[in-house]
Engineer: 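The following block contains the structure, expressed as structure tokens.
Please read these numbers as outputs of a predicted model, since none were measured by experiment. Numbers restart at 1 for each chain; the letters A, B, ... are given by sequence-line order, proteins then strands.
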Number of protein chains: 2
Amino acid sequence: MGTTPSNTSTAPSGTSRRDEILRVAGELFRRHGYHATSMRELAKRLNLRGASLYAHIDSKEELLREIVDRAADAFLASARGVPCDASPVARLEAFVRGHLRVIEGQIETAAVFFHEWTHLSGPARQHVVERRDAYQAELRAIVAAGVASGDFDVEDVDVATLLTLSTLNWSYQWLDPRGRLPLEELTAFYTEYVLGALGAGKGAQR
Amino acid sequence: MGTTPSNTSTAPSGTSRRDEILRVAGELFRRHGYHATSMRELAKRLNLRGASLYAHIDSKEELLREIVDRAADAFLASARGVPCDASPVARLEAFVRGHLRVIEGQIETAAVFFHEWTHLSGPARQHVVERRDAYQAELRAIVAAGVASGDFDVEDVDVATLLTLSTLNWSYQWLDPRGRLPLEELTAFYTEYVLGALGAGKGAQR
DNA sequence: AGGATAGGCTAACGACCGTTCGTTAGGCAA
DNA sequence: TTGCCTAACGAACGGTCGTTAGCCTATCCT
């Protein structure tokens, strides 16, 4: 155990110090924005000095990259977890549920992902673009399948996909995990909204 | 004319230097974010030095405030221009059209409004909150009217309003004034999408 | 012509930034 | 006890930031 890497050091709560830094960074990045959050402020929140953070991380950008990566991976995994042998309506429903679950389960991470990812540069940025595109492609496939099966009635699959993503993506701005609506209920509202928009009417096959 | 205030000085294109500063600031704030845009960079884009900007403006925050205010005012004016004696469907359609027109007509201003307004502080910030709330209230009134008239079929007017706003608000992320779809066509797609979501079906009264 | 004004510049201020470096203290194993 | 490692600190590096003050020039007005 003497060779344990430094990032497994234990913070009081049982999580690693590095995880704690990431968590607080996520909160601050979300609240103030990446560039308006200083390392000194982040350290202060952790009862440390700015310089001390570098015992655990390489750079500020690494924090952003890791937070954004986590969200991107979560969204993509969620989309990829949608059973592709289900009906388009059921798939759409699963997609929506997965989307909201990711946001609700890690609101800070998701919010930073949506709002701050463009501050990444180089390969990290490109990697995010790829995953966003892949995510959109998953949704597009569902919409297209719905159109092909007759469950959805849209004139332009690309636009319908964009509009659906728009509906889902803005939710980080107002979705409150402790809000008045339980997630299941919000998911039901969302699903009905989107299905209606896609022309799936209430009698659509599930 | 010797008493002309300083902000009416003429830039090459015929607009005032101050307007030019605002325009370029809007572009840079949108592309890089407010905090990641420096006054030196803004000045450089205008072939000036950073310090020279203060002959025309009081502060960096004033730029942000003015850009955000313009967008907020435009959105609210647009919503208030919706004829309240029309059918709910027609009102909704006008709302959507107005929303997209504001964005399309000043994409930088709108994008900065959606993405950077939280960097404002004090009364300016509060003023934005008020206008955002007023804008949402206008939409809510339309949705509620549609429910009352039987044109819309939603279970929760507040949630339906939020979801509709979500659908509209994310468009600044992808709406390209020079994109493949003319605005009228995009508006038609958008209207159909939202009306469908609100349970207004294609036979709904217009 | 002379004075006023506007707009631009340079230099500088005071504050802040992300990060590195040298050092210290505490913990652990041999 | 000694030696090593980790985590944290203070000091500092090498900048950057928004902004102010003083100066200069061009233009306009009387």
Side-chain angles (χ1 to χ4, degrees), chain A residues 1-25 28-29 31-67 116 119-122 124, chain B residues 1-25 28-29 31-67 116 119-122 124:
Chain A
M1 308 304 289
T3 61
T4 305
S6 65
N7 63 6
T8 62
S9 59
T10 303
S13 66
T15 58
S16 75
R17 174 68 87 176
R18 198 168 185 284
D19 284 340
E20 194 179 19
I21 291 171
L22 277 164
R23 177 179 58 79
V24 176
L28 290 179
F29 289 171
R31 185 175 310 140
H32 302 299
Y34 172 70
H35 280 293
T37 300
S38 73
M39 300 303 268
R40 289 168 175 82
E41 170 66 28
L42 171 57
K44 186 174 172 186
R45 285 302 180 85
L46 293 157
N47 295 308
L48 297 176
R49 298 308 224 154
S52 307
L53 297 174
Y54 295 89
H56 304 271
I57 63 170
D58 289 336
S59 67
K60 185 182 184 185
E61 178 156 335
E62 180 184 292
L63 290 177
L64 181 62
R65 187 175 64 242
E66 197 146 331
I67 291 166
E116 309 288 332
H119 296 306
L120 287 176
S121 55
Chain B
M1 305 303 287
T3 61
T4 305
S6 65
N7 63 4
T8 61
S9 59
T10 303
S13 68
T15 59
S16 75
R17 173 69 86 174
R18 197 170 186 284
D19 285 340
E20 195 180 18
I21 290 172
L22 277 164
R23 177 179 59 79
V24 176
L28 290 179
F29 289 171
R31 185 172 312 137
H32 304 300
Y34 173 69
H35 280 293
T37 299
S38 72
M39 300 303 268
R40 288 169 174 81
E41 170 65 29
L42 171 57
K44 185 173 171 186
R45 286 301 181 87
L46 294 156
N47 294 311
L48 297 176
R49 299 307 223 156
S52 306
L53 296 174
Y54 296 90
H56 305 272
I57 62 169
D58 290 335
S59 66
K60 183 181 184 183
E61 179 156 336
E62 180 184 292
L63 290 177
L64 181 62
R65 189 174 64 241
E66 198 148 327
I67 291 167
E116 307 288 335
H119 295 306
L120 288 176
S121 54

Engineer: Test side chain to side chain contact (heavy atoms under 4.5 Å, CB included) on A:L22 and A:I57; report intermediate values, then the result.
Structural biologist: CA-CA 10 Å; A:L22 277 164; A:I57 63 170; over 6 Å; no
Engineer: Which heavy atom of A:K60 sits nearest a heavy atom of A:T37, and at what distance?
Structural biologist: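 In this case the closest contact between A:K60 and A:T37 is NZ-O, 2.6 Å.
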Engineer: Taking the inter-plane angle between the rings of B:Y34 and B:H119 on a 0 to 90° scale, is it parallel (under 30°), tilted (30 to 60°) or perpendicular (over 60°)?
Structural biologist: parallel
Engineer: In whole Å, I'd like the distance from the NE2 atom of A:H119 to the P atom of C:dG18.
Structural biologist: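 Spelled out: NE2 on A:H119 to P on C:dG18 is 13 Å.
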Engineer: Nearest heavy-atom pair of B:A25 and B:L63: which atoms, and what distance?
Structural biologist: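 Looks like CB-CD1, 4.0 Å.
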Engineer: Starting from C1' on C:dG18, measure out to CG on A:L64 and report it in whole angstrom.
Structural biologist: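 Whole-Å distance recorded here is 14 Å.
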Engineer: Expressed in angstrom and rounded to an integer, what is the separation of A:R49 atom CZ from C:dT19 atom C1'?
Structural biologist: 16 Å
Engineer: Applying salt bridge (Lys or Arg N to Asp or Glu O under 4.0 Å), name anything that partners A:R45, two or more places apart in sequence or on another chain.
Structural biologist: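 Testing A:R45 for salt bridge (Lys or Arg N to Asp or Glu O under 4.0 Å), a comparison that skips the adjacent residues, returns A:E41.
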Engineer: Using a heavy-atom cut-off of 4.0 Å across all strands, would you classify B:L48 as base, sugar-phosphate, or nothing?
Structural biologist: sugar-phosphate
Engineer: Separation of A:E62 atom CD from C:dT19 atom C1', in whole Å?
Structural biologist: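 Distance, rounded to whole Å: 13 Å.
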Engineer: To the nearest angstrom, how far is B:L53 atom CG from C:dA6 atom C1'?
Structural biologist: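 So the two atoms are 15 Å apart, to the nearest Å.
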Engineer: May I ask you to verify if any side-chain N or O of A:S38 is less than 4.0 angstrom from the OP1 or OP2 atom of C:dC16?
Structural biologist: no
Engineer: Please give, in whole Å, the distance from D:dC9 P to A:K44 NZ?
Structural biologist: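 Value for this atom pair: 14 Å.
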Engineer: Considering residues at least two apart in sequence or located in another chain, which fulfil the side chain to side chain contact (heavy atoms under 4.5 Å, CB included) criterion with B:A51?
Structural biologist: none
Engineer: Does A:H35 have a side-chain nitrogen or oxygen under 4.0 Å from the phosphate oxygens OP1 or OP2 of D:dC17?
Structural biologist: no
Engineer: Looking at B:R40 and B:G50, would you say the former's side chain and the latter's main chain have a donor-acceptor pair under 3.5 Å?
Structural biologist: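 Looks like no, no N/O pair under 3.5 Å.
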Engineer: Between protein and nucleotides 19-22 of chain D, what N or O pairs are separated by less than 3.5 Å?
Structural biologist:
residue : atom : partner : partner atom : Å
D:dT19  : OP2  : B:Y54   : OH           : 2.5
D:dT19  : OP2  : B:K60   : N            : 2.8
D:dT19  : O5'  : B:Y54   : OH           : 3.4

Engineer: Rounded to the Å, how far apart are A:E20 CD and D:dA8 C1'?
Structural biologist: 14 Å
Engineer: Rounded to the nearest angstrom, tell me the gap between atom CG in A:N47 and atom P in D:dA7.
Structural biologist: 17 Å
